[in-house]
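Quick caveat: nothing in here was measured; it's all calculated off a predicted structure.
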Number of protein chains: 2
Amino acid sequence: MAMKEFLRTKGFKMTPQRDLIFKSFFEMDRHVSVDELYDRVRQLNSSVGYSTVWRNLKLICKIGLAEEVNLGDGVTRYDRVTKVPHGHMYCLKCKELIEFNVDHIMDFLTVTANENNFLPEGYKIEIQGYCAKCRETMSEDNGDRLT
Amino acid sequence: MAMKEFLRTKGFKMTPQRDLIFKSFFEMDRHVSVDELYDRVRQLNSSVGYSTVWRNLKLICKIGLAEEVNLGDGVTRYDRVTKVPHGHMYCLKCKELIEFNVDHIMDFLTVTANENNFLPEGYKIEIQGYCAKCRETMSEDNGDRLT
DNA sequence: CTGAAAATGAAAGTCGTTTTCATTAACGTG
DNA sequence: CACGTTAATGAAAACGACTTTCATTTTCAG
């Protein structure tokens, strides 16, 4: 019942839908989209509305438990916030998101920001490409290269 | 007339609109959105359609002269490709994009990809925050902090 | 219990992006 | 240079993810 109290201190109420959405979100694979979470939630309670899922995902971000991740494919994903900042390897084929440690880089980025008198609020380190799994099945069907 | 020949080798034709759009794009500030380029082009020739601008921006990307940049504010920007990869400092207030050198980081990222048997196609290094200019005018009106 | 405030679900609205389609233009070829 | 194939254009419609609206229901402090 910890979450309920936590929300209360911020002026939010707990509801069955919210409880289900929150639990589902934290149980799922990281980096879910609204649709993915919506599908999951509907499996457990088919009466929950899309906008409710969406609003709660936004709420989770607002209270600092997740962040929006934008890979440029037009779909916003929600990434659970961890204490350690991390980078993402984003597979252009299977869309998987693999995390990696970015401690080294952080130092550099902090310095860079300071040098420019820029006040950092967040970082995004991303490698786009093809994951090990997809590279295997890449012999016959190739991606969309130019021309 | 170099561009025309270049396009021809890839099966594309040159048109007055295309010529105007290409020239405008390369003359403008880096990181333009479709709307911004459209506005600029319309100043020079008000009969050019939005979709034509959009398609040519896509074409510029396809032939490798620009890349889409997605900052998560719902607007795709087009960043001229330079030989040197670079990072972006993105001001959450004025939306300005400031570039910085990322040579150090590249080594690290390359190694990281290799370790995971990940085939990199592109990188994205971004610092979100507030630029020097905006920090000054940040005393009275503050941004949207949680709650 | 009760009322004020928040949450919900359905539907509609928003907005940037993308496609469709009829028409026009480019340009290698004859 | 006229021709025909193929690409490009412009207007409008379609798309799709995201966001808001609104009437109704639910939560929860007092």
Selection from [options] that lies nearest to any side-chain heavy atom of [X]:
X	options	answer
B:V34	D:dT9, C:dG9, C:dT17	C:dT17
A:Q17	C:dT8, D:dA8, C:dT19	C:dT8
B:R18	D:dT9, C:dA26, C:dT8	D:dT9
A:Y50	D:dA8, D:dC18, D:dT21	D:dC18
B:S47	D:dT9, D:dG10, D:dT19	D:dG10

Is there, by distance only and without an angle test, a donor paired with an acceptor across the side chain of B:S51 and the base of D:dA11 below 3.5 Å?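 Answer yes: a donor N or O sits under 3.5 Å from an acceptor.
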Looking only at N and O atoms, is any donor in the side chain of B:K13 or the base of C:dA25 less than 3.5 Å from an acceptor on the other one?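 Counting by modelled atom types and ignoring angles, no donor-acceptor contact under 3.5 Å is found here.
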Assign B:R8 to base, sugar-phosphate, or nothing according to its heavy-atom contacts below 4.0 angstrom with the strands shown.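 Result for B:R8 = sugar-phosphate.
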Does B:S33 reach a base, just sugar-phosphate, or nothing at all? Heavy atoms under 4.0 Å.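 Result for B:S33 = nothing.
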Expected output is a numbered-order residue list: members of residues 65-81 of chain B with a heavy atom under 4.0 Å from any atom of DNA chain C. What is it?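 Within this stretch, B:G74, B:V75, B:T76 sit under 4.0 Å of the strand.
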When you measure from every atom of DNA chain C, which of residues 36-46 of chain B have a heavy atom less than 4.0 Å away?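 None - not one residue of the stretch has a heavy atom sitting under 4.0 Å from the strand.
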Qualifying residue for salt bridge (charged side-chain N to carboxylate O under 4.0 Å, His left out) with B:E68, from B:K124, B:R77, B:K58, B:K62: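 Exactly one pass, corresponding to B:K58.
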Of B:T15 and B:D35, the one whose closest DNA chain C nucleotide lies more 5':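 Nearer the 5' end of the strand: B:D35.
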Is there a path from A:I63 to A:L37 through hydrophobic residues (I, L, V, M, F, W, Y) whose side chains come within less than 4.5 Å of each other?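 Yes, one cluster joins them.
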Does the distance from a Lys or Arg side-chain N to an Asp or Glu carboxylate O, for A:E67 and A:R80, drop under 4.0 Å?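 No salt bridge links A:E67 with A:R80.
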Contacts of type ring-ring contact (aromatic ring centres under 6.0 Å, His included), residue B:F108, not counting sequence neighbours: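 Only A:H104 meet the ring-ring contact (aromatic ring centres under 6.0 Å, His included) criterion with B:F108.
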